[in-house]
Amino acid sequence: MVKRIGKFIVLLPCILFYSLFAETAVKIHVTDVNGEALKQAAMGVPFVIEIIVESSENITNGTPILSGLQHLHIENQGLVSTISTSINGKYSNKKIFRYTVRSDKKGTFTIGPAAVVVNGKQIQSNSITIVVSESQQARDTNQTQLQLRVEPEKVMVGQPVTITMKFFPGPATQLMEMSKPELPGLTEPITGPTTGSENINNDEVPFLEWKTSWYPDKAGSFAIAPIRALYKTVKKSKYSRFVQDIFTMFDNGIEQKNIYSNNAVILVESLPAFEHNVKAVGNFVSLQASVDPFIARIGEGIVFKLSLVGSGNWNSIEAPVLLLPDGLKYYESKQYMNEQYKHDSMKNKLFEYIIQGNKEGKYTIASQTFYFYDTQSQQYKKMQTEPITITIKNDVSNQKQEIAAQPINESSKQSEFKILEYSWQEKKTHAFNKFIFYLLLLIPLIVIGVIHINNIFFRYRSLHAKEFQQKYALKHAKSELKNALKKNNQTELYSLFINFFNRKTNLHVLNETTILEYLKSNNLSESELAAWQKFFNQCAQAAFDMSYKNNNFLFSEAEQWLILFSKRLA
Amino acid sequence: MAYSFFKTISVITYCFFSLVYAGADEEFFLQANAQYQAGKFESALKLYEAVANKGAAVWYNMGLSSYHLNDIPHALLYLRRALSQSSRFNYWTIKNHLLQLDPHQLSSLDKLSMYTEYSSTAISYAWLQCIILLFWSAFCISLYFFRSKKRIIISIMIGCLLLGAFVLLRKQFHLRFDKIAVVKKADTPVYLGPNSAFNQTGLLQERAIVTVLQEGDNWYKVRYNKVYGWIEADNLVI
């Protein structure tokens, strides 16, 4: 009993002390934008500091003074709720002040204490330390994430930067809204979303992707604040699935959440020094000039077009200044992107000018020059058009242009354009086939070629007649023998052998003796020579002796002699 | 005997049906002319289209009808086809109207080209081929058989005639056999290949008459002056 009384005595002052102190209390909480407690924030991502002031007395004074905010960027602040209750005549007041802040630098920040003045007394809260890191925590494949990526991070002025926003939805998540990246001069439309998936920890995580391009027009460091996405998701619940389903029936199972991406920094360097003022940066492949019409009257407009093709900072590219000869003046008409041009990475911009001539004559519009900084080779380049000649006339000879320009009423049209009433049937075109035509063209060449080759051959033969005679002597002799045999005319055998030796030898005098000597010189034996003499005499008799009777063996002997000569004579 | 009989019957049948066919064409042509005179260009155009063997007059009148209907690309196409069927009697009539609709002015070189084109219509294509064969044979013979100064003079003379005949043949070939199309949209891009992923080689203006060199899947390879490339079919009247 004594112990109990003792404990009460100890407890009572504590309760009294607590109740006195608890009369006015100030607390600080740090949460993320979704209300979840936060110890570590990401650079550029907003978080919420909540100051709760509770007092049994009437809190009339204004907002609390919170120290440690000087390093943070305040996006929003103010009193968000005031609750006053009275239980058994005892009043209780509660005020919640909320600051939405962000840090654009990484580091450790101490927030607090918050000081509130109640009834002349200053009451201070606790302090909270928060760590601001460069990026958010490592991505979990089951967690909703928003990613902001710039590529490249370091560029020259005018060079395009691709900004990619990726939303990785978690399970049972529906994207409702997404903010746009904020950058000075970001006018290009955002394309998307396109779907895709990324391999994270050996898991294919689906994402939605948006893209845009930014063409910086000045040097410096540009930070893109984290973008925000608002999405719906199923509330995490400690209740069983059955209870969750019941809550869902009352739309209590769904909650809306905000998520912020990382921030991004782009370093933009100025272009290298150059003699001309160059604003075009990119990869340009062609510059063409065209005029329409080529001939015009004084004061009449000629449309001059410059067509530029490539990829680059189109919005910054101004219409080039035209270099025109004296007697011509121009003014810029319009400039527009050619919608007809279809290319995956390149575009076509047209700069239209109206040129007017104030003097009659022929004018050559000189080459127009376009300078740009080529991002691929990282150097300045120039492109030039071809010169174009136009004619300015004083008369009304340009009838064509008039007709093209002036609306013609139907009646005048009809009287002007009379129809043709003849030659209405198709004219058949007769022609040689192409192949045959070329073949026919070759015929004269072939004929002349044949004649020419023949001439060459005859010329050669006449130059080498003796050699040919010697070479073909035996052949001729055999041919003559064949003819003689056909006619059964032994009288021809004598002339046959005379001709043969005439062709074969270089003898100036040809008779029985000279032939014999020739044969002797060719190593014919005595018996062979004797036989030859006998045979040749028979041939001579057959030729000159009318009383000679045909010897049936003379032809075969002649043949044998020719065979022998073919082997033995050189 | 049977063969000769069959041959005769075939020839008679062919002549008969040809005449009937030609008669129908003429009927369409005359009716179309009447519709045109009455200012009913749409029905005139339909009737002209019904003519099977369209000659210069049919194409020309179709061109005029399209012009009255403010369909300039088709008018240009029809007039150009009329030109391909033209003779020296109607060449200038067609050419003048074609020039009036063509937005591109003629340079002096084009004028020379136009006169050679006109001259080529005076002689038929087959005759030009024969003339070339003849001159070519004469040129070869003169080069081969004549000697010294005579050869030079005769060869140059025949060579010039041969060259002239070749120019006329070439002109007539393009006039008769080139497949042509008309650009119907302004600033039509010309690509290196049959796909917009290829680089652009040039821009063609509305009403430009191009020569079709090759057909791809919904794309046409065309030539226009010195510009060669591919154009999407949607941008052409063909």
Side-chain angles (χ1 to χ4, degrees), chain A residues 285-286 288 290-296 303 305 307 309-310 336 338-346 348 350 389-391 398-404 408 410-411 413-414 416-432 436-437 440-441 443-445 447-448 451-452, chain B residues 22 25-26 29 33 36-37 39 51-58 60-61 64 67-68 82 85-87 89-90 93-94 97 99-105 107 124-126 129 132-133 136-137 139-141 143-144 176-177 185-189 191 196-203 205 232 235:
Chain A
V285 291
S286 94
Q288 291 171 346
S290 61
V291 293
D292 185 29
F294 285 87
I295 301 172
V303 178
K305 271 186 191 176
S307 165
V309 175
Y336 56 96
N338 183 7
E339 300 300 328
Q340 298 291 328
Y341 188 83
K342 288 168 189 168
H343 194 279
D344 289 343
S345 59
M346 296 205 182
N348 178 211
L350 297 166
T389 304
I390 59 167
T391 308
N398 194 359
Q399 193 190 8
K400 180 196 107 175
Q401 293 306 318
E402 279 187 344
I403 287 167
I408 302 165
E410 290 302 316
S411 59
K413 264 185 186 178
Q414 263 176 278
E416 191 183 352
F417 298 137
K418 284 179 183 168
I419 54 171
L420 287 179
E421 291 179 359
Y422 52 89
S423 304
W424 59 272
Q425 271 183 314
E426 189 182 356
K427 200 165 78 179
K428 301 285 180 206
T429 306
H430 302 286
F432 291 113
I436 293 169
F437 179 64
L440 289 170
L441 282 178
I443 285 173
L445 289 179
V447 170
I448 287 170
I451 293 168
H452 190 68
Chain B
D25 272 359
E26 191 171 15
F29 179 69
N33 286 354
Y36 181 93
Q37 303 287 9
V51 177
N53 293 312
K54 295 181 186 70
V58 178
Y60 177 78
N61 296 351
L64 293 191
Y67 174 70
H68 287 296
Q85 290 283 320
S86 66
S87 65
F89 303 110
N90 53 26
T93 314
I94 301 165
H97 282 95
L99 286 175
Q100 285 174 3
L101 296 182
D102 188 358
H104 304 281
Q105 263 292 356
S107 67
S124 83
Y125 195 80
Q129 282 182 321
I132 284 170
L133 283 170
W136 172 242
S137 305
F139 182 71
C140 292
I141 289 164
L143 267 185
Y144 192 76
R176 297 264 182 273
F177 302 110
K185 290 180 186 170
D187 302 324
T188 296
Y191 298 97
S196 58
F198 286 93
N199 282 345
Q200 189 191 350
T201 58
L203 273 180
Q205 295 309 311
E232 212 172 353
N235 296 334

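Just so we're clear, the structure is a prediction, and the values are computed from it rather than from any experiment.
Between Tyr60(B) and Gln85(B) there is no side-chain heavy-atom pair separated by less than 4.5 Å. In this structure the side chain of Pro444(A) never reaches within 4.5 angstrom of the side chain of Ile141(B), judged on heavy atoms.
By the side chain to side chain donor-acceptor pair (under 3.5 Å) test, Ser307(A) pairs with Asn348(A), sequence neighbours left out.
Classification of the Phe437(A)-Phe432(A) ring pair by plane angle, with boundaries at 30° and 60°, yields parallel.
For Ser124(B), no part sits under 4.5 Å from any heavy atom of chain A, backbone or side chain. Residue Ala186(B) touches chain A through its backbone alone, counting heavy-atom pairs closer than 4.5 Å. Residue contact with chain A, scored on non-hydrogen atoms closer than 4.5 Å, involves the backbone of Lys54(B) exclusively. Proximity to chain A involves both the backbone and the side chain of Tyr125(B), based on heavy atoms less than 4.5 angstrom apart. The contact between Val309(A) and chain B is made entirely by side chain atoms (from C-beta outward), counting heavy-atom distances below 4.5 Å. For Phe139(B), no part sits under 4.5 Å from any heavy atom of chain A, backbone or side chain. Heavy atoms of Asn199(B) lying under 4.5 Å from chain A belong to its backbone as well as its side chain. Proximity to chain B involves both the backbone and the side chain of Ile451(A), based on heavy atoms less than 4.5 angstrom apart. Looking at Thr201(B), only its backbone comes within 4.5 Å of chain A, counting heavy atoms on both sides.
Considering only heavy-atom pairs separated by less than 4.5 Å from chain A, the leading option among Thr93(B), Ile94(B), Asn61(B), Val51(B) is Asn61(B).
Using a distance-only test at 3.5 Å, with no hydrogens or angles considered, a donor-acceptor pair links the side chain of Asn338(A) to the main chain of Asp187(B).
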